[in-house]
Amino acid sequence: MIKEILQPLVSERFKTEPHYRDGHLRIINALPERMVMGLHSPEIKQIAKTLSRENGKEYIGRFEQFPNNQLSHEECVIWGYLINLERCTLDERLQMLQRYVPTLDNWAVCDSYCAHAKWMMRADKKQLWAFLQQWFESEHEFEVRFALVTSMCYFLSEEWLNTLFARLETIDTDKIKSKYKTLKGTPLSPQQGTVQGTAPYYVRMGVAWLLAT
């Protein structure tokens with residue numbers, strides 16, 4: 001969709017050094033169907049800021065209409081950044097998130113979005129918490145992780161701890177579907193969509209991370 005803008009910013013090391021490329025892919029651990037172009041975070045953030053200044057709402061609308069499986073990892077990250085950068089009401093932003101959250105399909109794009117959603121610090125917490133409930137109840141791994149990481153970032157206060165811990169008790173990992181395959185030993189190649197833990201691995205790690213924090 002905006003690959004022509006991103007392509008010149010791809011790291012030369014990613015293009016020319018197999019060891020560096022493999023390391024980058026292993027860290028993100030995207031599913032095989034999600035292309036990773038190889039941009040670094042500073043370049044991704046700068047592109048998002050530029051597009052936001054040009055016409056962020058227009059680009060968000062274009063992302064919403066584009067087939068999810070044809071977007072690169074970097075485009076998914078930029079989409080999230082644009083939602084965070086948009087000047088709008090809470091209702092409007094939550095409406096954009098309603099379309100965006102189902103596209104989350106790896107830990108990097110999910111956690112990057114949540115960490116940069118600073119508007120959540122100022123949002124009406126009751127309305128935001130109500131919005132998160134559908135994702136806590138989801139059967140999709142990264143929709144649940146979105147609720148978990150958002151809660152960890154913006155609801156770890158004395159006022160919300162009892163409510164949050166009670167919500168964690170209701171998570172049924174048996175019903176949550178994961179596209180990641182559990183594999184023993186080191187994967188033969190990067191970006192295979194594999195994990196070395198019990199499914200849904202990224203939900204379990206999200207709960208553990210929240211509790212540890």
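These values consider heavy atoms only, across backbone and side chains, with no hydrogens, waters or symmetry-generated copies.
Here the shortest heavy-atom pairing between Leu104 and Phe146 reads CD1-CB, 3.9 Å. Contact detail for Pro8 and Glu4: the closest heavy-atom pair is CD-O, 3.4 Å. When every heavy atom of Leu82 is checked against every heavy atom of Tyr59, the shortest pair comes out as CD1-CB, 3.7 Å. Leu39 approaches Glu43 most closely through the heavy-atom pair CD2-CB, 4.3 Å. Looking at every heavy atom in both residues, Ala48 comes nearest to Leu85 through O-CD1, 3.8 Å. For the residue pair Thr182 and Gly197, the shortest heavy atom distance occurs at OG1-O, 2.9 Å.
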For residues 19-29, which side-chain donor-acceptor pairs fall under 3.5 Å, sequence neighbours excluded?
unit_1: Tyr20; atom_1: OH; unit_2: His40; atom_2: NE2; d: 2.5
unit_1: Asn29; atom_1: ND2; unit_2: Thr194; atom_2: O; d: 3.0
unit_1: Asn29; atom_1: ND2; unit_2: Tyr202; atom_2: OH; d: 2.9

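Looking only at side-chain heavy atoms (C-beta outward), Val149 and Trp209 come within less than 4.5 Å of each other. The side-chain heavy atoms of Ile176 and His140, taken from C-beta on, include no pair separated by under 4.5 Å. In this structure, the side chains of Cys88 and Trp119 stay at 4.5 Å or more apart for every pair of heavy atoms. Looking at heavy atoms from C-beta onward, Met120 lies out of side-chain contact with Lys125 at the 4.5 angstrom threshold. Side-chain contact between Leu94 and Thr89: absent, with no pair of heavy atoms (C-beta onward) separated by less than 4.5 Å. In this structure, Ile47 and Leu51 have side chains that are in contact, with non-hydrogen atoms separated by less than 4.5 Å. Two residues are said to be in side-chain contact when any heavy atoms from C-beta on lie closer than 4.5 Å; Ile78 and Leu6 meet this criterion. Residues Arg99 and Thr103 are in side-chain contact: their nearest non-hydrogen atoms beyond the backbone lie under 4.5 Å apart.
Tracing side-chain contacts under 4.5 Å through hydrophobic residues (I, L, V, M, F, W, Y), one never reaches Val195 starting from Leu183; they form parts of separate clusters.
To the nearest 0.5 angstrom, Asn69 atom CG is 11.5 Å from Leu31 atom CG. Put simply, CD on Glu54 and CD on Glu58 are 9.0 Å apart, with the number rounded to the nearest 0.5 Å. For the atom pair CZ (Arg34) and CG (Asn106), the distance works out to 8.0 Å, reported to the nearest 0.5 Å. In this structure, CG in Leu211 is found 11.0 Å from CE in Met152, a value given to the nearest 0.5 Å. Rounding to the nearest 0.5 angstrom, the gap separating the OG atom in Ser151 from the CG atom in Leu210 is 6.5 Å. Remark: Leu9 CG to Ile44 CD1 distance equals 9.5 Å, nearest 0.5 Å.
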Could you go step by step and tell me if Arg145 and Met205 meet the side chain to side chain contact (heavy atoms under 4.5 Å, CB included) rule? CA-CA 9 Å; Arg145 186 178 174 97; Met205 291 302 100; 4.2 Å; yes
Are Leu148 and Trp135 close enough, and set up right, to give a side chain to side chain contact (heavy atoms under 4.5 Å, CB included), and what steps lead you there? CA-CA 9 Å; Leu148 288 167; Trp135 311 116; over 6 Å; no
Ring pair (Phe, Tyr, Trp, His ring centres under 6.0 Å) evaluation trace for Trp129 with Phe136: CA-CA 10 Å; Trp129 180 253; Phe136 272 116; 5.6 Å; yes
The test is side chain to side chain contact (heavy atoms under 4.5 Å, CB included); show your working for Gln192 and Ser189 and say whether it passes. CA-CA 7 Å; Gln192 284 188 320; Ser189 63; 3.1 Å; yes
Could you walk me through whether Ser112 and Tyr81 satisfy the side chain to side chain contact (heavy atoms under 4.5 Å, CB included) test, starting with their C-alpha distance in whole Å, then the side-chain angles of each, then the deciding distance to 0.1 Å, before giving a yes or no? CA-CA 9 Å; Ser112 178; Tyr81 284 172; 2.8 Å; yes
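The neighbour count for Lys181 NZ, taken as heavy atoms of other residues, nucleotides or ligands under 6.0 Å away, does not exceed 12. In this structure, Asp172 places its CG atom where more than 12 heavy-atom neighbours from other residues, nucleotides or ligands lie under 6.0 Å away. Heavy-atom neighbours of Gln133 CD from other residues, nucleotides or ligands within 6.0 Å: above the threshold of 12.
Listed for the Arg93 side chain is a donor-acceptor partner under 3.5 Å among the backbone atoms of Glu86. Distance alone, capped at 3.5 Å, places no donor-acceptor pair between the Tyr154 side chain and the Ala123 backbone. Under the 3.5 Å distance criterion, the side-chain polar atoms of Glu74 are matched with a main-chain donor or acceptor of Gly38.
A distance of 6.0 Å or more separates the ring centres of Tyr201 and Trp107.
Partner of Ser138 under the side-chain contact (heavy atoms from CB on, under 4.5 Å) criterion, chosen from Val144, Val101, Val203: Val144.
The aromatic rings of Tyr100 and Tyr113 sit tilted relative to each other, their planes meeting at an angle between 30° and 60°.
Residues Asp105 and Lys179 are not paired through a salt bridge, judged by the lack of any N-O separation under 4.0 Å between the basic side chain and the carboxylate. Classification of Glu141 and Lys177 as a salt-bridged pair fails, no side-chain N sitting under 4.0 Å from a carboxylate O. Ionic pairing of Arg167 and Glu137 is present here: one or more N-O contacts between side-chain nitrogen and carboxylate oxygen are shorter than 4.0 angstrom.
Between the side chains of Arg62 and Asn55, no donor-acceptor pair is found at a separation under 3.5 Å. With no hydrogens or angles considered, a side-chain donor-acceptor pair links Gln134 and Gln98 at under 3.5 Å.
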